[in-house]
Number of protein chains: 2
Amino acid sequence: MNDELGRRCEAALGELLQRRIRVNLYEDLVAGVGRGVDITSYPILSGLARLGPVTAGTLGAEVGLDRSGVSRHATRLEDGGLITRRPDPADARNTLLILTDEGESTVAVLRDRLAGIFEQQLRSWPSHQAEQFVAGLERFVRENHDRSFADIVPGTNNPLATTDQEAD
Amino acid sequence: MNDELGRRCEAALGELLQRRIRVNLYEDLVAGVGRGVDITSYPILSGLARLGPVTAGTLGAEVGLDRSGVSRHATRLEDGGLITRRPDPADARNTLLILTDEGESTVAVLRDRLAGIFEQQLRSWPSHQAEQFVAGLERFVRENHDRSFADIVPGTNNPLATTDQEAD
DNA sequence: CTCCAATGCGTGCAATCCGCACGCATTGGA
DNA sequence: TCCAATGCGTGCGGATTGCACGCATTGGAG
């Protein structure tokens with residue numbers, strides 16, 4: 001019975017990660033906010049709110065984006081007045097990204113919107129199921145945060161190499 | 001205590017959906033597979049395996065992608081020998097996308113890889129927690145499948161309109 | 001039978017986004 | 001003083017996406 005869990009998890013996770021729900025949820029969420037916020041920069045804002053003032057490189061590592069990409073999003077968000085760049089007093093090479101007050105409130109509003117949606121949805125669940133689900137989700141995320149497929153199956157860049165052949 | 005669930009769910013879901021884990025997991029998973037499979041076409045393959053022969057439009061609606069995008073991915077995957085286009089006998093306007101045998105096996109291998117990863121991870125959990133998590137995940141996905149933010153908060157294209165003012 | 005609105009696919013096109021590489025500035029040690 | 005190391009921001013090429021258009025097919029109306 002337990003053997004099914006991995007497969008079921010893959011199927012459900014697939015639906016969740018593979019575009020549809022993500023796009024539906026986040027794209028509509030940030031639509032109309034303006035100030036340079038889009039479906040990709042929301043993670044940046046969110047990460048910034050979570051980490052506090054950090055460099056573009058650090059934030060990029062957090063959200064899984066190249067520094068250059070973070071820098072570009074940061075510029076747009078800066079133009080929108082949501083974040084500010086400040087030189088690091090400790091090391092002038094670093095440029096710290098900082099949420100402005102408006103940025104903080106924007107993140108808070110967006111976050112509350114999503115939280116409200118999920119809250120409303122989970123309210124219709126048996127409370128223990130909702131609690132277990134969220135707890136499991138948190139654990140799952142935590143355990144996967146720094147893990148990549150390459151880490152799990154080392155040296156396996158081509159999982160199909162032994163199963164299929166070239167199809168030119 | 002229950003009020004926290006929405007917020008916790010948002011935080012965890014955010015990590016999951018916002019790029020990092022998704023990229024880490026799927027990008028490495030499909031790396032080296034070739035045949036036109038990339039991080040975006042995997043959902044297409046997966047969806048095709050789940051739905052059976054469908055039109056590009058239907059598949060696009062399933063994964064949340066425009067028909068044109070599906071068509072392009074389909075062309076690439078067709079070049080890779082993983083799918084085939086077949087005119088719909090019932091309606092010549094439709095072009096059905098069908099997995100080739102190689103496509104089926106490719107999907108199966110990738111899916112098994114992921115399922116194995118999750119299985120292995122969940123094995124270290126208390127069995128009831130893993131079971132509850134997966135069950136909750138399935139329910140969550142099912143309930144959100146056809147739901148978008150706009151559906152939930154109708155007429156709210158700019159959730160910040162009443163909270164923040166114009167900047168600049 | 002003919003005509004036409006509706007439907008659906010595939011491509012041209014412009015916009016966007018991303019990673020790599022480069023130039024520039026700063027740091028800290030030789 | 002000099003130089004390797006570090007980090008940011010931009011130029012550039014590649015890739016992807018959505019919209020719009022052209023083309024083909026369908027099914028019903030006249």
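What you are looking at is a predicted structure, and each value in this text was computed from that prediction instead of being measured. Chain identifiers are assigned alphabetically (A, B, ...) following the order of the sequence lines, protein sequences preceding nucleic acid strands; residue numbering begins at 1 within each chain. Computed over heavy atoms, backbone and side chain alike; hydrogens, waters and symmetry mates excluded.
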- With sequence neighbours excluded, what pairs up with B:Phe118 under the ring-ring contact (aromatic ring centres under 6.0 Å, His included) test?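 Listed in chain order: A:Phe140.
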Sequence-distant partners of [X], side chain to side chain donor-acceptor pair (under 3.5 Å), two or more places apart:
| X | answer |
| --- | --- |
| A:Arg86 | none |
| A:Gln132 | none |
| B:Ser71 | none |
| B:Ser68 | B:Asp66 |

Which residues pass the side-chain contact (heavy atoms from CB on, under 4.5 Å) test with [X], not counting sequence neighbours?
| X | value |
| --- | --- |
| B:Arg50 | A:Glu15, B:Ser46, B:Glu62 |
| A:Arg139 | A:Arg142, A:Glu143, B:Ser124, B:Trp125, B:Pro126, B:Gln129 |
| B:Asp88 | B:Ala90, B:Asp91, B:Asn94, B:Leu96 |

In whole Å, what is the span from the [atom1] atom of [X] to the [atom2] atom of [N]?
| X | N | atom1 | atom2 | result |
| --- | --- | --- | --- | --- |
| B:Leu96 | D:dT25 | CG | P | 16 Å |
| A:Asp91 | D:dG7 | CG | C1' | 8 Å |
| A:Leu77 | C:dC17 | CG | P | 11 Å |
| B:Leu59 | C:dC9 | CG | P | 10 Å |
| B:Ile83 | C:dC9 | CD1 | P | 13 Å |
| A:Asn94 | D:dG9 | CG | P | 10 Å |
| A:Asp88 | D:dG7 | CG | P | 11 Å |
| A:Leu65 | D:dG9 | CG | C1' | 14 Å |

For nucleotides 10-15 of chain D, which of its nitrogen or oxygen atoms have a protein nitrogen or oxygen under 3.5 Å away, and what is each distance?
from, atom 1, to, atom 2, distance (Å)
D:dG11, N7, A:Arg72, NH2, 3.3
D:dG11, O6, A:Arg72, NH2, 2.7
D:dC12, N4, A:Arg72, NH2, 3.2

Produce the list of close N/O pairs, under 3.5 Å, pairing protein atoms with atoms of nucleotides 2-5 of chain D; give distances to one decimal.
none

- Start at the 5' end of DNA chain C and walk down; is the nucleotide closest to B:Gly57 or to A:Ala90 reached first? B:Gly57
- Task: Please list every stem that involves DNA chain C, where a stem is a run of 3 or more consecutive Watson-Crick or G-U wobble pairs with both pairing distances under 3.5 Å.
- Result: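 Stems for DNA chain C, defined as runs of 3 or more consecutive pairs: C:1-30 with D:1-30.
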- Do A:Glu102 and A:Arg35 meet the salt-bridge criterion of a basic N to acidic O distance under 4.0 Å?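 Counted as a salt bridge, because a side-chain N and a carboxylate O are separated by less than 4.0 Å.
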- Under 4.0 Å: is that the gap between some side-chain N or O of B:Thr40 and OP1 or OP2 of D:dT17? yes
- Item | 5′-ward residue of the pair A:Thr58/B:His73 relative to DNA chain D |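 Its nucleotide being nearer the 5' end, the pick is A:Thr58.
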- Sequence neighbours excluded - ring-ring contact (aromatic ring centres under 6.0 Å, His included) pairs with any residue from residues 32-62 of chain B: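 Listed by first then second residue: B:Tyr26-B:Tyr42.
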- Message: If we count only N and O atoms by modelled type, under 3.5 Å, do the side chains of A:Arg67 and A:Thr55 hold a donor and an acceptor together?
- Response: no
